[in-house]
Amino acid sequence: MIDTGYSQRLWYSQPAGEWNEALPIGNGRLGAMFFGGTAKEKLQLNEDSVWYGGPRNRNNEDALPHLPEIRKLIMAGRLGEAEELAAMSMAGLPEAQRHYLPLGELLLSFGNHGQTAEDYTRELDLEQGVARIKYRIGEVNYTREMFASFPDQAIVIRIATDNKDGMSLKARFTRHNWRYLEKTKKWKNSGLIMSGDCGGKGGSSFAAVLKAVTEDGLCRTVGEYLLVDGASSVTMLLAAGTTFRHSDPDLYAKRRLQELSQVPYEELLARHTADYRSLYGRVKLKLPENLPQAGLPTDKRLKRFQKGEEDNGLIVTYFQYGRYLLISSSRQGSLPANLQGIWNDSFTPAWDSKFTININTQMNYWPAEICNLAECHEPLFDLVERMREPGRVTARVMYGCQGFTAHHNTDIWADTAPQDTYLPASFWPLGAAWLCLHLWEHYRFNQDRYFLAQAYETMKEAAQFLLDYLIEDAEGRLITCPSVSPENTYKLPNGESGVLCVGASMDFQIIEALFGACIRSAEIIGVDEAFREELTEALERLPEPQIGKYGQIQEWMEDYEEVEPGHRHISHLFALYPGDAFSSENTPELAEAARTTLERRLANGGGHTGWSRAWIINFWARLKDRDKAYANVRALLQHSTLPNLLDNHPPFQIDGNFGGTAGIAEMLLQSHTEEIKLLPALPQSWSEGSIKGLRARGGYILDFAWKEGLVTEAVVTCTVSGPCRIDAPGLAPVSFTGQAGCSYTFMSKG
């Protein structure tokens, strides 16, 4: 067995040759990709609030006057006219939201490195959250150790040598080959400051500060360089900020580093690892070992896996890497993880590296609850709260509705107006509703009524918008219009294709989930009886899920043909995952239709992007198809994973990592029905193993082990008091009333 609780790391026998081979460190706000060069090292830096431009009101006031005509044209099947009018009257003004930017780069160069480095290793220790580089030049050994500390809000780099004459190094800042570098200056004899504006009207200003701390040797500054000579070791401290949080980010960063420079490196490291381990160490996974691969560098293991070899250890590393990435890109007080977490090296990143909320941002947080990182969920809740005020304006100005809404993207300023004039996606007003379901899921896992009382007001406001937005069709049903099924295109019987529609299936699935969550929440906290009745009446008038001519779940109210049957979005299965209205236990006919839907998608080339493949893992897990769930885990690593194990859309998007980690957890534990199910989709190659620390809805933490596919022991820790039912192969039926703070152990009936 692999002792994955103590030995997880990514490691390589050579420096990174490009960004997609570099390795990430982060503390939620501050991140870096390190390359691990010997004579020259580069840390590509990010700070989560470095975005171009400031807040704007982009709502198109022509939307509401033209809304009746757009609806009329869609219902009449005059799609071309409807879409032309919508593109003019509903698009944001201007059409694009703000985009995420790099902070810059820290360049290090080392003297006495003319010879080839030997015994080289570059690693990311997932157990400690620490990166290390080790090598030898001649008879001299060099080591680098670096981490991004959440408690100290700084990147810490420790460089050491056993050379009797010490080391010499030069450090400097750059920003895209100095083209975007506004200003650098010296800070006394041991520091550098890089500062500038993020650009755009109302945009933030930023500052990054570097300080060197040595116990011996000489430290000085010359021009834009920081020089260290004759030191056996040096600790480089880096802090950064913007005016998004700090009135004077330069002063903030200098004060931070002045304080940290008085703290011994060993204490900085201890504070970081204690904080990091308090999150990461909650979950441990063990699977059967594949000995030929166990000692190989990560890139070589990945290549072997991509050629068809089994490597459970690599899968465990991938699972834990997803947890590491969430800890590193989403902590209390930070912005949420965006399309790239926090790691972006482009000034014009793909899709602006924003928060895409028609699945991608939501997928980033699928592992948060089940994988015992609930605190990392909080930045998303903070963003949703900030979206309420602009979302009210969008609801009122564009649709004449109460409540708040958002479309398929948002940015640092919580912009809720449509993004782009991309008809398959832009005019879809369900983004806020989907995000609010994360509030409900958080409650389902932790049962915190105080949290629910606060979250309910936000969920209610999103539901109020939808009550106003729904219109009655000729059959008396309540429908959405205009809407889209992100980001798909359908064909009418006359051959015309379009995207704007009357009632996408995912709309009704999200609405049903949100209205149900609001009703249940109001019952729990004892409020809003009249509003509950209004929601209940509306639920009864929503269109039911329909099974189409191929036996599939219909994606739209009508059984249209798709222009792209293998489309990456599988929105009409929202109710299977992350929703829970479709299940083999309660809706077997719909579950079977969902299976058919997946089979058709995959037969036509679906799953070709990393995040889509990750979603498919979760679908198959919910359908309890262990073989297909595992086949898609393999496909995710074989076709959509870069050498540094980051997800490849392509290009890099982090949602596939998070979706893949969630999918592996979902194969081992499910709790969306009335009972907790252990090993619901366990592959044959994982026939023996153990998992500690997964969370289940209802307020439970589970540790369990299995052999030959049967659970041998399960320990349930109750965080609240209440009834618990467990279904696990190898255990007799488990049903008990747990007490908060108590643990209960169940052994195999064999």
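Throughout, numbering of the chain's residues begins at 1 and tracks the sequence.
Within a 6.0 Å radius of CD in Glu674, other residues, nucleotides and ligands contribute 12 heavy atoms or fewer. Counting non-hydrogen atoms of neighbouring residues, nucleotides and ligands closer than 6.0 angstrom, the CD atom of Glu544 reaches no more than 12 such neighbours.
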Without placing hydrogens or testing angles, list every side-chain donor-acceptor pair under 3.5 Å for residues 655-662, not counting sequence neighbours.
from	atom 1	to	atom 2	distance (Å)
Asp655	OD1	Gln653	NE2	3.2
Asp655	OD2	Asn360	ND2	2.8
Asp655	OD2	Gln653	NE2	2.7
Asn657	OD1	Asp647	N	2.7
Asn657	ND2	Leu645	O	2.8
Thr661	OG1	Phe319	O	3.1
Thr661	OG1	Asn657	O	3.3

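Screening residues 630-639 for salt bridge (charged side-chain N to carboxylate O under 4.0 Å, His left out), with sequence neighbours left out, gives Glu310-Arg634. For residues 474-509, the pairs satisfying ring-ring contact (aromatic ring centres under 6.0 Å, His included) are Tyr490-Trp556, Tyr490-Tyr560, with sequence neighbours left out. Pairs engaging residues 571-582 under the salt bridge (charged side-chain N to carboxylate O under 4.0 Å, His left out) rule: Arg444-Asp580 [sequence neighbours left out].
Of the inter-residue distances, the one linking Met363 atom CE with Tyr577 atom OH reads 8.0 Å to the nearest 0.5 angstrom. Expressed to the nearest 0.5 Å, how far CH2 of Trp686 lies from CD1 of Ile691 amounts to 9.5 Å. The distance from the OG1 atom of Thr410 to the CG atom of Leu383 is 5.5 Å, given to the nearest 0.5 Å. Considering CG of Leu492 and CG of Leu79, their distance stands at 4.5 Å, rounded to 0.5 Å.
The side chain to side chain contact (heavy atoms under 4.5 Å, CB included) with Ser483 is formed by just one residue from the set Val499, Leu500, Asp507; it is Asp507.
Checked against the 6.0 Å centroid criterion, the rings of His99 and Trp351 do not qualify as a close aromatic pair.
For the residue pair Gly709 and Pro729, the shortest heavy atom distance occurs at O-CG, 3.7 Å.
Ring orientation note: the planes of His377 and His438 are nearly perpendicular, at an angle over 60° on the 30°/60° scale. Taking the six-membered ring for Trp and thresholds of 30 and 60 degrees, Trp615 and Trp366 have ring planes inclined between 30 and 60 degrees apart.
The pair Lys624-Glu585 meets the salt-bridge criterion, since a charged nitrogen lies less than 4.0 angstrom from a carboxylate oxygen. Under 4.0 Å is where a charged nitrogen must lie from a carboxylate oxygen, and between Glu83 and Arg78 no such pair does. Ion pair Asp415/Arg58 flagged as a salt bridge, since at least one NZ, NE, NH1 or NH2 atom sits closer than 4.0 Å to an Asp/Glu carboxylate oxygen. Salt-bridge annotation for Glu369 and Arg697: absent, with no side-chain N of the basic residue lying under 4.0 Å from a carboxylate O of the acidic one. Checked for salt-bridge contact, Glu461 and Arg388 meet the test: a charged N lies under 4.0 Å from a carboxylate O.
Contacts of Ser353 classified as side-chain contact (heavy atoms from CB on, under 4.5 Å), with partners at least two apart in sequence or in another chain: Tyr100, Asn338, Gln340, Asn344, Pro349. Annotation: side-chain hydrogen bond (donor to acceptor under 3.5 Å, both in side chains) contacts of Trp19 (sequence neighbours excluded): Gln44. Glu675 meets the side-chain contact (heavy atoms from CB on, under 4.5 Å) test with Thr673, Lys677, Arg725, Asp727; sequence neighbours excluded. Remark: His567 pairs with no residue by the side-chain hydrogen bond (donor to acceptor under 3.5 Å, both in side chains) rule, at least two apart or across chains. The side-chain contact (heavy atoms from CB on, under 4.5 Å) search around Asn604 returns Pro565, not counting sequence neighbours. Glu84 pairs by the side-chain hydrogen bond (donor to acceptor under 3.5 Å, both in side chains) definition with nothing, not counting sequence neighbours. Residues passing the side-chain hydrogen bond (donor to acceptor under 3.5 Å, both in side chains) test with Glu309, sequence neighbours excluded: Gln293. Remark: Lys549 pairs with Asp559, Glu561 by the side-chain contact (heavy atoms from CB on, under 4.5 Å) rule, at least two apart or across chains.
Side-chain N/O atoms of Asp627 and Trp620 include no donor and acceptor closer than 3.5 Å. Side-chain contact, His608 with Arg613: no donor N or O sits under 3.5 Å from an acceptor N or O.
Side-chain atoms of Gln97 come within 3.5 Å of backbone atoms of Asn409 as a donor-acceptor pair (strictly under, hydrogens ignored). With hydrogens and angles ignored, the 3.5 Å screen pairs a side-chain donor or acceptor of Gln552 with a backbone N or O of Tyr550.
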Inset, instruction - Evaluate the criterion side chain to side chain donor-acceptor pair (under 3.5 Å) for residue pair Thr489 and Glu564; output intermediate values, then yes/no. - result: CA-CA 7 Å; Thr489 303; Glu564 187 184 344; over 6 Å; no

